[in-house]
Amino acid sequence: MAATLISYIYPVRRCQDVALVFKRMVGYTGPGLALQEMMYGFIMALLFITATRFGILKIDSARDLIVLMVGMDFTWGAIDCILFYAVDVFDQRRMYQYMRSDLPPEAKAEEMMGDFECSPLDLIDPEKEMEICRSIALLDVEDEVQRKEDRRRMAKSAMYCFLATVFPLVPTVLPLLIIEDLGAALLTSSVVAAVTMFVVGCGLGKYVGLKGWKCGLLVAGMAMGITLVATFTGG
């Protein structure tokens, strides 16, 4: 089984290939959202695997299990894709309306403050943050052509969120297709998933200021822990 495990951990042309895929996703979605969607995909797929391993879910064939995993990840990946794009477009329209309104710069700045939550502006002095927002409120907004280009980038971001959600099917489904013994396939799938999440976490380390191996352990441990808890709490 060890030889089989190695045979599809390393045909991915080493861990760099996984890191390159993640880097491309990050370019469109940002590191946090890409990791979030990937972890969703892993957790949803592993829920079925873990439930089957513990006998909570009665599955007799790998094919039935694969159908459930693919259906779950593709469905929720598509839902996230649609909702992320719709919310981004709604937010763009909302911000455009208050930027083009007759409100005084101070009022616009107050509304704008909430739109910069979880951004670098959150890390500076509130008075300086308000000063920056007032300055932005005085600027001209984009024309319709530029806003359409922004929406195209939003669509790409939403699509990459979908891809991040379904990507975990590759390392989790492959063992089920290759290994005939269902028990061994389930165990191998869990191990390969943990290794892949560790690699993804390593690639994310530089974005969050942690050493790669520490971030890898954190990501893998968190995903596996959530999966285990969710399995026994009706996830």
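Note that the coordinates shown come from a computational prediction; the quantities given were computed from them, not determined experimentally.
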Close side-chain approach of [X] and [Y], heavy atoms under 4.5 Å:
X	Y	value
L65	M69	yes
E127	M130	no
F167	E37	no
T196	P168	no
M112	M99	yes
L177	I66	yes
C215	L204	yes
V219	F198	no

Within this structure, what is the [atom1]-[atom2] distance for the pair [X] and [Y], rounded to the nearest 0.5 Å?
X	Y	atom1	atom2	result
L176	F48	CG	CZ	12.5 Å
L68	L57	CG	CG	6.5 Å
L182	D64	CG	CG	10.0 Å
R100	D140	CZ	CG	8.5 Å
W76	I43	CH2	CD1	14.0 Å
T52	I59	OG1	CD1	5.0 Å

Exercise. Walk me through it: do M159 and Y85 pass the test side chain to side chain contact (heavy atoms under 4.5 Å, CB included)?
Key: CA-CA 9 Å; M159 180 55 65; Y85 178 71; over 6 Å; no
Exercise. Dump the intermediate steps for side chain to side chain contact (heavy atoms under 4.5 Å, CB included) on I124 and I132, then the final yes or no.
Key: CA-CA 11 Å; I124 67 175; I132 291 172; 3.7 Å; yes
Whether [X] side chain and [Y] backbone form a donor-acceptor pair below 3.5 Å:
X	Y	answer
T50	L46	yes
R53	L186	no
T227	A223	yes
T165	G77	no

What heavy-atom pair brings [X] and [Y] nearest, and what distance separates the two atoms?
X	Y	value
S190	M224	O-CE, 4.2 Å
T172	A45	OG1-CB, 3.9 Å
P105	A137	O-CB, 3.9 Å
Q92	R147	NE2-O, 3.3 Å
C81	A158	O-CB, 3.3 Å
C161	L33	SG-CD2, 3.4 Å

Hphob cluster co-occupancy, [X] + [Y], side-chain heavy atoms under 4.5 angstrom:
X	Y	value
I136	Y96	yes
W213	V191	no
Y160	L83	yes
M197	M222	yes
L163	F74	yes

Exercise. Sorted by first residue and then second, give each side chain to side chain donor-acceptor pair (under 3.5 Å) pair with at least one member in residues 103-124; sequence neighbours left out.
Key: R94-D115, Y98-D115, E106-R134
Self-check item: Neighbour count >12 (heavy atoms, 6.0 Å) for atom CD, E180
Solution: no
Exercise. Using a cut-off of 6.0 Å, state whether more than 12 heavy atoms not belonging to D60 lie near its atom CG.
Key: no
Quiz item: Mind checking whether F162 and F84 have ring centres under 6.0 Å apart?
Solution: no
